[in-house]
Engineer: 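First the structure, then my questions, so here it is.
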Amino acid sequence: MTPSEIYNRIKGYLDGCDTVICNLHSACAPSKGKVYMCSVAGSKTDVLDFDTVKKEADKAMGIESRKSVDALTDSPSSACLCFVELKSWDLVLSNKGTEISVRKQAQKYESDLPQKLTDSISICKQVCKDNSAFDDCRIVFILLSDISIEEDGLADIHSNLTALAGSSSNLKMLCNQLSAHIMDGIPDVETYYWECREFDEKLRGL
């Protein structure tokens, strides 16, 4: 199946799942009692609330153990199907963040993100009723963060990460490098680590 065919099949599975990534972000979604970090919802890209899709799919299977990414969308070019996960490093850092707490959170992400992708692909196959649905589909897994991402800082990903600590800017760099390193380690799919505010722009490049 093509990315658009899979996306439209998932979209037709459950009404009311259309949204934007800003409404799924725990740090700024009004539905979670927060206010938008960008004053208004910054993203205009339609995505599906995949956690809601997962709950309905699990109910149909009589299970509750699967994980899921936050959102699903197809690229504007319809060239790829994008699984999107949002993580708030801003919340970690604002809660008296330290190098230890950052590394501890990154370890959780490293074990959690691959399983979220695997289970989400399985859910899509279930909804599509086609185990071969992804045979000819380009899959992209995108991790979005709410802190600024400096591309120059990510370029030196193979440098010694233990050297980063102390100041807020260094902790942010550590967050970004650990996140990029985690995504680089996920096999068999294209992975990206982006700032959430740049989601629409970068998605247009796929």
Engineer: Is K11 salt-bridged to D18, going by a charged N under 4.0 Å from an acidic O?
Structural biologist: yes
Engineer: Just checking, any donor-acceptor pair under 3.5 angstrom between side chains of T2 and S4?
Structural biologist: no
Engineer: Output the rest of the hydrophobic cluster of M61: all Ile, Leu, Val, Met, Phe, Trp and Tyr residues reachable through side-chain heavy-atom contacts under 4.5 Å, sorted by chain and number.
Structural biologist: I63
Engineer: Is there a donor-acceptor contact under 3.5 Å from the side chain of K54 to the main chain of R66?
Structural biologist: yes
Engineer: Is there a side-chain contact between L81 and I139, using heavy atoms and a 4.5 Å cut-off?
Structural biologist: no
Engineer: Quick one: NZ on K55 to CD1 on I123, what's the gap to the nearest 0.5 Å?
Structural biologist: 12.0 Å
Engineer: Within the 4.5 Å heavy-atom criterion, are C128 and I6 side-chain neighbours or not?
Structural biologist: yes
Engineer: Give the C-alpha distance, both sets of side-chain angles, the deciding distance and a yes or no for side-chain hydrogen bond (donor to acceptor under 3.5 Å, both in side chains) between D49 and T19.
Structural biologist: CA-CA 7 Å; D49 178 352; T19 187; over 6 Å; no
Engineer: What verdict does the side-chain hydrogen bond (donor to acceptor under 3.5 Å, both in side chains) test give for S132 and D130, after you've listed the backbone C-alpha separation in whole Å, the side-chain angles of each residue and the deciding distance to 0.1 Å?
Structural biologist: CA-CA 5 Å; S132 64; D130 185 354; 2.6 Å; yes
Engineer: As a quick check of understanding, evaluate side-chain hydrogen bond (donor to acceptor under 3.5 Å, both in side chains) for S120 and S68, giving each step before the final call.
Structural biologist: CA-CA 5 Å; S120 295; S68 66; 5.1 Å; no
Engineer: Would you indicate whether the side-chain heavy atoms of E56 and Y13 approach each other to under 4.5 Å?
Structural biologist: yes
Engineer: Quick test of your reading: applying ring pair (Phe, Tyr, Trp, His ring centres under 6.0 Å), list the pairs with at least one residue in residues 63-84, sequence neighbours left out, ordered by first then second residue.
Structural biologist: none
Engineer: At what distance, to the nearest 0.5 angstrom, does SG of C82 lie from CD1 of I142?
Structural biologist: 4.0 Å
Engineer: Are any side-chain N or O atoms of T73 and backbone N or O atoms of V47, one a donor and one an acceptor, separated by less than 3.5 Å?
Structural biologist: no
Engineer: With a 3.5 Å distance limit and no angle check, can you tell me whether S179 reaches the backbone of C175 through a side-chain donor-acceptor pair?
Structural biologist: yes
Engineer: For the OG atom of S122 and the NZ atom of K67, what is their distance to the nearest 0.5 Å?
Structural biologist: 14.5 Å
Engineer: Quick one: ring pair (Phe, Tyr, Trp, His ring centres under 6.0 Å) pairs with a partner in residues 95-145, sequence neighbours left out?
Structural biologist: W89-Y109
Engineer: Is there a donor-acceptor pair under 3.5 Å between the side chain of D70 and the backbone N or O of L24?
Structural biologist: no
Engineer: If you measure from NZ on K202 to CG on L144, what distance do you get to the nearest 0.5 Å?
Structural biologist: 11.0 Å
Engineer: Decide yes or no for S78 and P3: does some side-chain heavy atom of the first lie under 4.5 Å from some side-chain heavy atom of the second?
Structural biologist: no
Engineer: Minimum heavy-atom separation for S43 and V20, please, with both atom names.
Structural biologist: O-CG1, 3.6 Å
Engineer: Within a strict 4.5 Å, meaning less than it, do heavy atoms of the V53 and L72 side chains meet?
Structural biologist: no
Engineer: Which distance, rounded to the nearest 0.5 Å, do you find between the OG1 of T191 and the CD1 of I186?
Structural biologist: 6.0 Å
Engineer: Can you tell me how far apart OG (S65) and CG (D58) are? Round to the nearest 0.5 Å.
Structural biologist: 6.5 Å
Engineer: Given the rule in the side-chain contact (heavy atoms from CB on, under 4.5 Å) test, do V189 and R138 qualify, once you have shown the distances and angles that lead to the verdict?
Structural biologist: CA-CA 8 Å; V189 298; R138 178 183 165 197; over 6 Å; no
Engineer: When you check the gap from the basic side-chain N to the acidic O, do R103 and E99 get nearer than 4.0 Å?
Structural biologist: yes
Engineer: Using a cut-off of 6.0 Å, state whether more than 12 heavy atoms not belonging to E190 lie near its atom CD.
Structural biologist: yes
Engineer: Charged N to carboxylate O below 4.0 Å: is that the case for K87 and E85?
Structural biologist: yes
Engineer: For Q126 and A57, indicate whether the former's side chain and the latter's backbone hold a donor-acceptor pair under 3.5 Å.
Structural biologist: yes
Engineer: Are any non-hydrogen side-chain atoms of S145 and W194 less than 4.5 angstrom apart?
Structural biologist: no
Engineer: Step by step, work out the side-chain contact (heavy atoms from CB on, under 4.5 Å) result for M183 and L113.
Structural biologist: CA-CA 8 Å; M183 296 303 285; L113 290 175; 4.0 Å; yes
Engineer: Would a 4.5 Å heavy-atom cut-off, applied to side chains only, mark C124 and F50 as touching?
Structural biologist: yes
Engineer: So with a 6.0 Å cut-off around CG of D15, is the heavy-atom count from everything else above 12?
Structural biologist: no
Engineer: Tell me, do V69 and V84 make a side-chain contact under 4.5 Å, heavy atoms counted?
Structural biologist: no
